[in-house]
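Comments concern the structure below.
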Amino acid sequence: MTLVVEQPGLLSLIQDSGRPNLGYLGVSPSGAFDRTAMHQVNALLGNQPGDPVIEVLGGGLVLRAEESRVCAIAGAAGPITLDRATAPYGRAFRLQPGQRLTLGPPTTGLRTYVGV
């Protein structure tokens, strides 16, 4: 395990591109609500556009790193801290072992996306 969820916030889900074009089988598209933000996070990290991300509704997510990882955040903007220091928004950054990433309530938007 590389990231530990210490607090999930109001609602944090793992989302991907969903299952488009399967409505005829009764399968809803589902997936990330803001696909543009999901694609942005994945592009910042060099991931594939539809790779899974954490979709955070209303903030409150706290993650603790057990291993060094590169992360990026996009979507709804609000206070983001890395061990109580301001963390970057809209660009990739390194999360070191033992560090805590905290997403506060968004000031604009509703859903924030965290990619690893």
Side-chain angles (χ1 to χ4, degrees):
M1 184 179 303
T2 60
L3 292 175
V4 174
V5 177
E6 290 191 344
Q7 294 179 23
L10 177 63
L11 180 65
S12 297
L13 302 168
I14 304 295
Q15 295 287 3
D16 60 9
S17 291
R19 310 297 169 263
N21 304 319
L22 295 176
Y24 70 98
L25 294 173
V27 178
S28 68
S30 64
F33 185 82
D34 183 349
R35 287 193 170 87
T36 300
M38 179 188 70
H39 293 157
Q40 181 183 14
V41 163
N42 281 323
L44 289 166
L45 296 169
N47 296 343
Q48 295 296 312
D51 280 355
V53 296
I54 304 171
E55 180 182 76
V56 183
L57 180 71
L61 177 68
V62 179
L63 300 174
R64 180 178 39 84
E66 290 194 332
E67 297 178 16
S68 181
R69 289 290 176 240
V70 177
C71 299
I73 299 172
I80 304 164
T81 58
L82 188 56
D83 282 346
R84 298 190 180 125
T86 301
Y89 174 86
R91 66 183 177 98
F93 61 94
R94 186 160 295 279
L95 190 60
Q96 298 294 348
Q99 286 187 307
R100 282 182 175 77
L101 178 67
T102 303
L103 277 65
T107 54
T108 60
L110 184 61
R111 290 176 176 84
T112 305
Y113 293 83
V114 179
V116 181

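We use all heavy atoms of the structure for the numbers below, so side chains are in, but hydrogens, waters and symmetry mates are not.
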Contact summary for V70 and A92, nearest pair of heavy atoms: CG1-CB, 3.8 Å
Those residues that, when tested against D34, pass salt bridge (charged side-chain N to carboxylate O under 4.0 Å, His left out) (two or more places apart): none
Around atom OH of Y89, are there more than 12 heavy atoms from other residues, nucleotides or ligands closer than 6.0 Å? yes
Contacts of type side chain to side chain donor-acceptor pair (under 3.5 Å), residue R111, not counting sequence neighbours: none
Please find the pair of heavy atoms, one from A65 and one from L3, that lie closest to each other, and give the distance. CA-CD2, 3.9 Å
For the hydrophobic clusters of this structure (ILVMFWY residues joined by side-chain heavy atoms under 4.5 Å, transitively), does one cluster hold both L95 and I14? yes
Nearest heavy-atom pair of L61 and V56: which atoms, and what distance? CD2-CG2, 3.5 Å
Inter-residue atom distance C71.SG - R91.CZ, 0.5 Å rounding: 13.0 Å
Of all heavy-atom pairs linking L101 and A87, the shortest is CD1-CB, 4.2 Å
Roughly how far, to the nearest 0.5 Å, is the OG atom of S12 from the CD1 atom of I54? 7.0 Å
Counting C-beta onward and ignoring hydrogens, is there a side-chain heavy-atom pair between E66 and V4 closer than 4.5 Å? yes
Are L63 and V5 side-chain neighbours, meaning at least one heavy-atom pair lies under 4.5 Å? yes
Looking at side-chain heavy atoms only, is the closest gap between L13 and L57 below 4.5 Å? no
How far apart are the closest heavy atoms of R94 and S68, and which atoms are they? NH1-OG, 2.9 Å
Pairwise side-chain contact, L103 with I73, heavy-atom cut-off 4.5 Å (strictly under): yes
Is the shortest heavy-atom distance from the side chain of M38 to the side chain of P49 under 4.5 Å? no
Under the 3.5 angstrom rule, does the side chain of N42 hit a backbone N or O of H39 as a donor-acceptor pair? no
Whether the side chain of D16 engages the backbone of G50 through a donor-acceptor N/O pair (distance < 3.5 Å, no angle test) should be reported. no
Show me, pair by pair, the donor-acceptor contacts under 3.5 angstrom made by side chains of residues 75-86, not counting sequence neighbours?
| unit_1 | atom_1 | unit_2 | atom_2 | d |
| --- | --- | --- | --- | --- |
| D83 | OD1 | R100 | N | 2.9 |

For the atom pair CD (Q15) and CZ (F33), what is the distance rounded to the nearest 0.5 Å? 11.0 Å
Going from CD on E55 to OH on Y113, what distance comes out if it is rounded to the nearest 0.5 angstrom? 3.5 Å
For A74 and A37 the tightest heavy-atom approach is CB-O, 4.0 Å
